[in-house]
K.L.:
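Handing you this structure, nothing more for now.
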Amino acid sequence: MKKFFSKELIIGGCVIITLAILFFGIDYLKGINVFKAANYYYVSYTNVAGLTQSAPVTVNGYKIGLVREISYEYDNPGHVLVELSLDKQLKVPRGSKAVLTTDMLGTSTIELQMATNTDYHSIGDKLIGTNAIGLMDNITGELMPDIVGLMPKVDSILTSLAVITSDPALVQAVSRLNLIMANVETATSSLAVTMKNVQPASGKLPVVINNVDQITANLAAASEDLAQLAVNLKKLPLDSTINNINAITENLNNVTAALNSKESSLGMLLYDPALYNNLNSTAADLDSILIDLKRQPKKYIPSIKVF
């Protein structure tokens, strides 16, 4: 036994076993299953930022392989060659693309976009490699021009704000606003005092309400009296009364017309000047007779002897 299993042989065997375990363990930690058969394909990229060995390779979100190795193509400057280890059962149609995508954290993965083709790549072929537009690329390509265009406007706005804030009128406006707020606080305090004074007077509200109720009752009674008066008026012979008034009005109109007419007796009395003159002369004669009677009564009254 000592002849076949010396210390040197045991030590050498342990070293070999340790190296094998280390080799397969490192591959295992990288996600490479050395005991699983795989097919190898190559892809050339101009930028592999964020891509590392053992990065996942997916199809429709499902992991079907990983990145085996990354190396620079010295015979094709500006390109990086990536070796993909894919499941042996996967067949890659010609025209498929290996799209390198980068997430927000900067981690890159490869997504295979399968072509609809019945002709398949052979193992070891080079696939078409493209770089997807990432979030930062969108920001740089789309938002940055807008941001650059906004910078002069932002600068002008800041300048305008500086001018406004340095304007003495703004300071005066702020001071006036402070005075207004102080006046509002004073008015609020006065209103609070007024409300406190109004609260004791609220005890008189029942008396006021009773007075209002009494006034309402009086109005209701007056309304009933008016209604009764309307009923009584309806009972009166208003039609005959109105007819009588109309007849009287008509008679007055006739009398007025007769007075205004010069052909009627009344009109002649009013408008005949000869009658006026005769009456006037008669009145004058009577007046002279009365005056003479006063002067000489014996002339008109004979003397009477008394025995």
K.L.:
So do T58 and L112 actually touch side chain to side chain, heavy atoms under 4.5 Å?
P.N.:
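The answer is no; the side chains never approach within 4.5 Å.
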K.L.:
Rounded to the nearest 0.5 Å, what's the gap from NZ on K63 to CG on L66? Could you check?
P.N.:
5.5 Å
K.L.:
Quick check on the hydrophobic clustering: are Y62 and L100 connected, directly or via other members, by side-chain heavy-atom contacts under 4.5 Å?
P.N.:
yes
K.L.:
Are V57 and V59 co-members of a hydrophobic cluster defined by side-chain heavy atoms under 4.5 Å apart?
P.N.:
yes
K.L.:
Would you say that L90 contacts M114 through its side chain, given a criterion of any heavy-atom pair below 4.5 Å between the two side chains?
P.N.:
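In short, these two side chains touch, coming nearer than 4.5 Å.
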K.L.:
Applying side-chain hydrogen bond (donor to acceptor under 3.5 Å, both in side chains), which residue pairs with at least one partner in residues 103-115 are found, sequence neighbours left out?
P.N.:
T101-T109, T102-S108
K.L.:
Is it true that a side-chain atom of S223 and a backbone atom of L219 form a donor plus acceptor pair closer than 3.5 Å?
P.N.:
no
K.L.:
Can you name the nearest heavy-atom pair linking K126 to H121, along with the distance?
P.N.:
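Here K126 and H121 meet closest at O-CE1, 4.2 Å.
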K.L.:
Considering residues, nucleotides and ligands other than N253, do more than 12 of their heavy atoms fall under 6.0 Å from its CG?
P.N.:
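Check passes, neighbour count above 12.
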K.L.:
Could you report the tightest heavy-atom contact between A115 and S96, atom names first, then the distance?
P.N.:
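Scanning both residues completely, I find the closest heavy atoms to be N-OG, 3.0 Å.
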K.L.:
Quick one: are L84 and Y42 in side-chain contact, heavy atoms under 4.5 Å?
P.N.:
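Side chain of L84 against side chain of Y42, heavy atoms only: no contact under 4.5 Å found.
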K.L.:
Any heavy-atom pair between the side chains of Q53 and E69 that's under 4.5 Å?
P.N.:
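Answer yes - side chains close enough.
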K.L.:
For the OG1 atom of T186 and the CG atom of L179, what is their distance to the nearest 0.5 Å?
P.N.:
10.5 Å
K.L.:
How long is the straight-line distance from CZ of R94 back to OG1 of T118, given to the nearest 0.5 Å?
P.N.:
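Reported value, rounded in 0.5 Å steps: 11.0 Å.
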K.L.:
Is any side-chain heavy atom of Y72 closer than 4.5 Å to a side-chain heavy atom of P77?
P.N.:
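Y72 reaches P77 side chain to side chain.
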K.L.:
Once rounded to the nearest 0.5 Å, what's the spacing between atom OG of S281 and atom CG of D287?
P.N.:
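Atom-to-atom, S281:OG and D287:CG are 12.5 Å apart.
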K.L.:
With heavy-atom distances below 4.5 Å as the criterion, would you say the side chains of Q228 and D225 are in contact?
P.N.:
no
K.L.:
Run the side-chain donor-acceptor check on residues 43-50: report pairs under 3.5 Å with partners two or more places apart or on a different chain.
P.N.:
{"unit_1": "S44", "atom_1": "OG", "unit_2": "E73", "atom_2": "OE2", "d": "2.6"}
{"unit_1": "Y45", "atom_1": "OH", "unit_2": "A98", "atom_2": "O", "d": "2.9"}
{"unit_1": "N47", "atom_1": "OD1", "unit_2": "A49", "atom_2": "N", "d": "3.0"}

K.L.:
Answer with yes or no whether the hydrophobic clustering places L81 together with V67; edges join I, L, V, M, F, W, Y residues whose side-chain heavy atoms lie under 4.5 Å apart.
P.N.:
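Cluster IDs for L81 and V67 differ.
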K.L.:
Rounded to the nearest 0.5 Å, what separates atom CG in N131 from atom CG in L51?
P.N.:
9.5 Å
K.L.:
Test of understanding: clusters of I, L, V, M, F, W, Y form through side-chain heavy atoms closer than 4.5 Å, transitively. Do I64 and I123 belong to the same one?
P.N.:
yes
K.L.:
Find out if a path of hydrophobic residues (ILVMFWY) with successive side-chain heavy-atom gaps under 4.5 Å connects V80 to Y74.
P.N.:
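V80 and Y74: one cluster.
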